[in-house]
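Below is one structure, written out as structure tokens; the observations come after it.
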Amino acid sequence: HVIGFSSPALPDLKRQGAIRTASQEALFASLMNIGGIIGSVFVGGLLDRLGRRWCLFVSVLPALLGYIFIGASRGSVHALLFGRVLTGLTCGLNAAATSIYLVEISPTSFRGVLGAFNQLGITIGIFLSYLAGAFWSYSALAWLGCCLAAGLTLCTGLPSFPESPRFLMQRRDIQTAAKVLAYLRPSHYDVQDELRDISACSDDALLPMTAPPTAGSADLAGDPSAAGAASSSSDSAASAAAAGNRRSEASADVSLRELYTRPEFSRPLVVALGLMALQQLSGINVIMFYAQDILGKTGAVSSPALGACLIGATQLLLLASLIMMLAQLTLGIFFAANSTRGYVAVVSLVLFIIGFSLGWGPVPMLVTAEIFPTRARSVANGLAICSSWLFSFLITETFPALQLHLGTGNIFFLFSAMCLAGLYFVWRYVPETKGKSLEDLELHFIGTRSSLRSL
């Protein structure tokens with residue numbers, strides 16, 4: 001709903017005189033990304049301190065407040081812009097928290113399905129914004145967003161959701177982690193194997209609950225078995241000390257310096273940052289934020305608001321992500337040639353959204369949440385998503401000016417080239433995550449040498 005809000009709200013705001021200049025229009029559309037940047041900066045700390053579940057709950061609160069500011073603004077530009085920042089803050093917090101939570105609670109074979117449902121929820125929200133915005137004022141649309149944020153949080157029982165078992169293992173709450181896994185997995189599933197995998201990759205090996213035997217008053221010199229017991233006791237104590245050191249290291253916060261210098265962190269970080277940047281450079285948020293304006297220029301629909309509803313609904317379909325590049329290329333040719341066949345542009349927009357919904361919509365968030373070790377997952381995801389919101393802000397803020405100086409056609413040619421660059425980046429650097437546990441992916445990046453794709 002937040003992402004789709006500006007497209008139907010902007011025409012109404014301009015009609016009412018609340019938005020008077022092109023710079024105000026660009027700010028209203030793009031300031032949501034500033035909120036997203038702020039949220040993604042703080043989300044790592046919140047995820048590690050509050051946990052995944054409570055971070056999801058807290059992330060809803062800025063949207064509630066932001067929509068109240070917008071709904072009660074009465075045309076005040078400052079209230080409108082501040083409300084957009086607050087709603088963007090929810091997006092920044094929620095994007096990382098949701099993807100990490102879904103990845104960490106899912107069995108290996110089910111991660112992709114849950115990631116698709118996450119994208120489905122996003123697209124339904126955008127469609128509802130477009131549909132309601134075709135008939136309602138911006139203030140009514142804001143109150144709808146407020147009701148959705150509060151209602152869905154309470155109706156889904158978010159505070160009662162189970163905590164992520166990997167977060168619990170990171171906190172060394174082994175018993176609760178075992179209970180959560182037993183609840184989340186089928187009854188015949190042996191959770192101990194998964195607990196051991198999680199523990200091994202987090203350098204947090206489970207220790208025996210009983211103390212090692214000691215020699216006591218035995219004559220160690222004259223009793224070979226006692227001497228052997230003493231040696232075993234010494235080895236066990238050394239192992240316990242080493243495990244304790246690993247445990248302290250695993251529970252310590254990851255610094256930015258470690259993210260860039262340690263291969264197990266820096267290699268997946270390159271993949272995550274590349275995916276996030278290319279996702280936004282495809283032009284998706286320009287189309288989402290300015291859908292009615294773009295459709296109005298095609299002349300193909302009498303009501304751009306209802307035409308935007310068509311774009312929102314088609315996100316529910318699935319086709320190949322390669323279509324994105326061809327769709328943007330077709331849009332560029334359409335605008336560059338000043339064609340009067342508006343249906344070509346509308347079909348291209350629809351196909352672009354279909355392609356994005358299949359690939360570049362859900363996959364970058366899902367892969368970014370999968371490829372980092374548990375210890376670095378919160379901080380690294382926050383950094384990657386921060387870069388996504390930064391690129392989104394730069395593109396949506398500069399789009400009106402670029403449209404004026406370069407022309408709409410040339411902008412879509414650039415977006416098409418970025419889609420082609422994305423195809424190469426995925427082929428060259430992104431590992432296949434299907435069928436691999438999170439621990440397998442961690443070992444993949446540790447073992448990588450010359451290429452991020454080699455195994």
Side-chain angles (χ1 to χ4, degrees), residues 95 99 111-112 115-116 118-119 122-123 266-288 294 311 314-336 344-345 347-372 381 384-385 387-392 394-396 399 402 406 408-436 441 444-445 448 450-455:
S99 57
R111 287 201 310 264
N118 182 33
Q119 179 66 18
I122 293 172
T123 56
S266 62
R267 287 166 179 156
L269 185 63
V270 170
V271 173
L273 292 177
L275 286 175
M276 291 301 179
L278 289 164
Q279 181 192 55
Q280 295 304 326
L281 290 172
S282 71
I284 179 60
N285 277 349
V286 164
I287 292 176
M288 292 293 97
I294 294 171
I311 293 177
T314 56
Q315 293 182 86
L316 306 178
L317 305 174
L318 296 177
L319 281 180
S321 59
L322 181 63
I323 296 173
M324 293 166 60
M325 180 190 69
L326 300 175
Q328 294 282 36
L329 183 62
T330 304
L331 279 170
I333 295 172
F334 172 84
F335 284 109
V344 174
V347 171
S348 297
L349 286 171
V350 168
L351 292 178
F352 173 81
I353 299 300
I354 290 173
F356 184 85
S357 297
L358 173 64
W360 284 93
V363 172
M365 290 288 186
L366 187 63
V367 170
T368 299
E370 288 176 323
I371 59 179
F372 289 103
N381 266 266
I385 292 174
S387 70
S388 175
W389 290 117
L390 177 61
F391 276 99
S392 178
L394 293 175
I395 292 170
T396 54
F399 176 72
L402 290 175
L406 297 181
T408 306
N410 288 329
I411 293 175
F412 285 110
F413 285 142
L414 288 174
F415 289 154
S416 178
M418 290 298 102
C419 292
L420 182 61
L423 288 174
Y424 174 77
F425 182 85
V426 171
W427 172 80
R428 182 69 177 82
Y429 294 115
V430 180
E432 178 57 68
T433 63
K434 181 181 178 181
K436 296 180 182 177
L441 292 171
H444 163 71
F445 283 104
T448 300
S450 59
S451 170
L452 289 175
R453 197 174 176 81
S454 64
L455 185 59

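FYI, the numbering just counts along the sequence from 1.
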Taking all non-hydrogen atoms of both residues into account, name the closest pair between Ile371 and Pro268 and its distance. CD1-O, 3.3 Å
Side chain to side chain contact (heavy atoms under 4.5 Å, CB included) test vs Pro364 passes for just one of Leu278, Val271, Leu275, namely Leu275
Kindly assign one of parallel, tilted or perpendicular to the pair Phe425 and Tyr429, based on the angle between their ring planes and the thresholds 30° and 60°. tilted
Check the pair Phe372, Leu269 against side-chain contact (heavy atoms from CB on, under 4.5 Å), reporting the backbone distance first and the verdict last. CA-CA 8 Å; Phe372 289 103; Leu269 185 63; 4.0 Å; yes
Nearest non-hydrogen partners of Met276 and Ala384, listed with the distance: CG-O, 3.4 Å
Quick check for you: to the nearest 0.5 Å, what is the distance between Ile385 atom CD1 and Leu390 atom CG? 13.5 Å
Is the shortest side-chain heavy-atom distance between Leu406 and Phe413 below 4.5 Å? no
Can you give me the closest heavy-atom contact between Phe415 and Leu281, atom names plus distance? CD2-O, 3.3 Å
Hey, could you give me the CE/CD1 distance between Met365 and Ile122, rounded to the nearest 0.5 Å? 7.0 Å
Could you go through Ser99 and Thr368, starting from their C-alpha distance and side-chain angles, then the distance that decides it, and tell me whether this counts as side-chain contact (heavy atoms from CB on, under 4.5 Å)? CA-CA 8 Å; Ser99 57; Thr368 299; over 6 Å; no
Heavy atoms only: give me the nearest Cys419-Ser282 pair and the separation to one decimal. SG-CB, 3.9 Å
Atom of Ile284, atom of Gln279 and distance for their closest heavy-atom approach: CG2-O, 3.5 Å
Please give me the minimum heavy-atom distance between Ser392 and Gln280, naming the atom from each residue. CB-OE1, 3.4 Å
Close side-chain approach of Leu349 to Ile287, heavy-atom, < 4.5 Å: yes
